[in-house]
Number of protein chains: 2
Amino acid sequence: MNALQLEEILKSNGYKMTNQRRAIIEVLCENIGKFLSAEDILNLSKDKCPQTNFSTVYRNLEILEELDLVHKTNMDANSTCFYEIIDLDNHHHHIICTKCGKTKAIDFCPLEMFKANIEDEDFELIDHKLELYGICSECKNKPKK
Amino acid sequence: MNALQLEEILKSNGYKMTNQRRAIIEVLCENIGKFLSAEDILNLSKDKCPQTNFSTVYRNLEILEELDLVHKTNMDANSTCFYEIIDLDNHHHHIICTKCGKTKAIDFCPLEMFKANIEDEDFELIDHKLELYGICSECKNKPKK
DNA sequence: ATTCATGCAAATGTTTTGCATGAGC
DNA sequence: GCTCATGCAAAACATTTGCATGAAT
């Protein structure tokens, strides 16, 4: 999924293309595999389109979410949410370092296993969230300050 | 894990037992397997100890979290957090109905599988979050309003 | 010309904090 | 008596919204 593809999808859904929107989309596409906060997205977008504003970031994230183009999550259940473009061709989960926040995509997904166990019972599965937390080797080897 | 056990753990960590704290603990223990919001906990605790206050609920949840006795999550990444007592003897994940919010504990956990794949690489695994989302049979059969 | 998008500032909702008071040990 | 816990009100924080203006089609 690249920025131009996203632009097409948005246009075909009746959305207009603005410099702010383009900046936000590009930032998201340049950071597939990473989690960005709304603030990260704002700051990176400002490099491309300086007048980009917080409301605009949130409003665009909302649109992208509705179109199922962005995945919203929030790491360790504190208040800040993080966003990532959904790359449908490359479904993956993450392992996240609890010290420095660095993430790494992992490609194993247990969903099929669950489907076999659960689908025909009470719930029809439609989505799932899996996040692993750990300490990356860099942080593990770093002496305590 | 029951309320009395929790009281002992808190006492042995130097925390005093108050009616508010006892109410909060009891509420949490009576709702293992469900997710409660801070507001839910406040309301249910008030039935047992009417003067219980929001700050007190949050402060106690913070203590319980620090002692790894409570798990904090937030369903579908909206702002409200949900809390559940960690039942160490009975590690489980949940499937959550996206229509009505009903949850169901599931006992399959893919962690061991991941450990084999990841541990000796860049990350030392210390925690994980797995949540499944679906539509429960009740909601599936309900006619659209 | 019309519709959608934006910027700003104010509002929202949850969670956190400071401080004085009160309760447990 | 000392320490921890609480209640209240205010602050903090991320996110959302109303409204007037501006840009895209």
Side-chain angles (χ1 to χ4, degrees), chain A residues 6-28 35-43 45-46 48-67 69-83 101, chain B residues 6-28 35-43 45-46 48-67 69-83 101:
Chain A
L6 280 181
E7 283 196 20
E8 283 315 308
I9 297 173
L10 285 172
K11 278 187 203 162
S12 69
N13 277 276
Y15 296 104
K16 294 167 179 169
M17 204 42 52
T18 63
N19 291 333
Q20 290 90 328
R21 177 163 291 161
R22 207 185 319 270
I24 292 165
I25 288 174
E26 285 177 6
V27 165
L28 286 167
F35 283 112
L36 299 180
S37 68
E39 196 180 359
D40 295 336
I41 297 167
L42 174 65
N43 290 331
S45 297
K46 274 183 170 166
K48 296 168 184 285
C49 177
Q51 72 268 38
T52 310
N53 175 285
F54 247 129
S55 320
T56 304
V57 169
Y58 278 115
R59 278 192 268 236
N60 276 287
L61 287 171
E62 201 185 354
I63 289 170
L64 292 168
E65 257 187 284
E66 260 165 34
L67 295 173
L69 299 169
V70 147
H71 199 243
K72 182 181 177 184
T73 186
N74 68 342
M75 302 244 185
D76 46 358
N78 56 11
S79 41
T80 311
C81 287
F82 294 85
Y83 303 86
Chain B
L6 281 181
E7 283 195 22
E8 281 316 307
I9 296 173
L10 286 172
K11 278 187 205 162
S12 70
N13 277 276
Y15 295 105
K16 293 168 181 171
M17 203 44 51
T18 64
N19 291 332
Q20 289 90 328
R21 177 163 291 161
R22 207 187 317 269
I24 292 165
I25 288 174
E26 286 177 6
V27 165
L28 286 168
F35 284 111
L36 300 180
S37 68
E39 196 181 358
D40 295 334
I41 297 168
L42 174 65
N43 291 330
S45 296
K46 274 183 170 168
K48 295 169 185 286
C49 177
Q51 72 267 39
T52 310
N53 175 285
F54 246 128
S55 320
T56 305
V57 169
Y58 278 113
R59 279 192 268 236
N60 276 287
L61 287 171
E62 202 186 353
I63 289 169
L64 291 168
E65 258 188 283
E66 261 165 32
L67 295 173
L69 297 169
V70 147
H71 199 243
K72 181 180 176 184
T73 186
N74 67 342
M75 303 242 184
D76 46 359
N78 56 10
S79 43
T80 311
C81 288
F82 294 85
Y83 303 84

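Chain letters run A, B, ... following the sequence lines, proteins first and then strands; every chain starts at 1. The figures that follow rest on heavy atoms only: side chains count, while hydrogens, waters and symmetry mates do not.
Nearest heavy-atom pair across B:Val27 and B:Lys48 is CG2-CE, 3.9 Å. Minimum heavy-atom separation, B:Leu64 to B:Leu28: CD1-CD1, 3.7 Å. Closest heavy-atom contact between A:Arg22 and A:Glu7: CG-OE2, 2.9 Å. Looking at every heavy atom in both residues, A:Ser37 comes nearest to A:Tyr83 through C-CD1, 4.4 Å. Nearest heavy-atom pair, B:Leu6 versus B:Ile25, reported as atom, atom and distance to 0.1 Å: CD1-CG2, 3.6 Å.
Note: CZ (B:Phe35) to C1' (C:dT14) measures 18 Å, nearest angstrom. One atom, CD1 of A:Ile63, and another, C1' of C:dA5, lie 8 Å apart when rounded to the nearest Å. Between the C1' atom of C:dT15 and the CZ atom of B:Phe82 lies a distance of 14 Å, rounded to the nearest Å. Rounded to an integer number of Å, the gap from CZ of B:Arg22 to C1' of C:dC25 is 13 Å. In this structure, B:Leu42 atom CG and C:dT14 atom C1' are separated by 13 Å, rounded to whole Å. Atom-to-atom, CD of B:Glu7 to C1' of C:dG24 comes out at 13 Å; the value is rounded to the nearest Å.
Listed in residue order, the members of residues 53-60 of chain A having a heavy atom less than 4.0 Å from DNA chain C are A:Asn53, A:Ser55, A:Thr56, A:Arg59, A:Asn60.
In this structure, B:Gln51 and B:Lys16 both approach DNA chain D, and ranking their closest nucleotides by distance from the 5' end singles out B:Lys16. With DNA chain D read from its 5' end, the first of the two nearest nucleotides for A:Glu62 and A:Glu39 is the one closest to A:Glu39.
Judged by distance alone, with hydrogens and angles left aside, the side-chain atoms of A:Ser45 form a donor-acceptor pair with the main-chain N or O of A:Ile41 at under 3.5 Å.
Taking 4.5 Å as the limit, some side-chain heavy atom of B:Leu67 sits within range of a side-chain heavy atom of B:Leu10.
Of the inter-residue distances, the one linking B:Asn60 atom CG with B:Arg21 atom CZ reads 4.5 Å to the nearest 0.5 angstrom.
When DNA chain D is scanned in the 5' to 3' direction for atoms under 4.0 Å from non-hydrogen atoms of chain B, the outermost contacting nucleotides are D:dT3 to D:dA9.
Under the side chain to side chain donor-acceptor pair (under 3.5 Å) criterion, A:Arg59 pairs with no residue, sequence neighbours left out.
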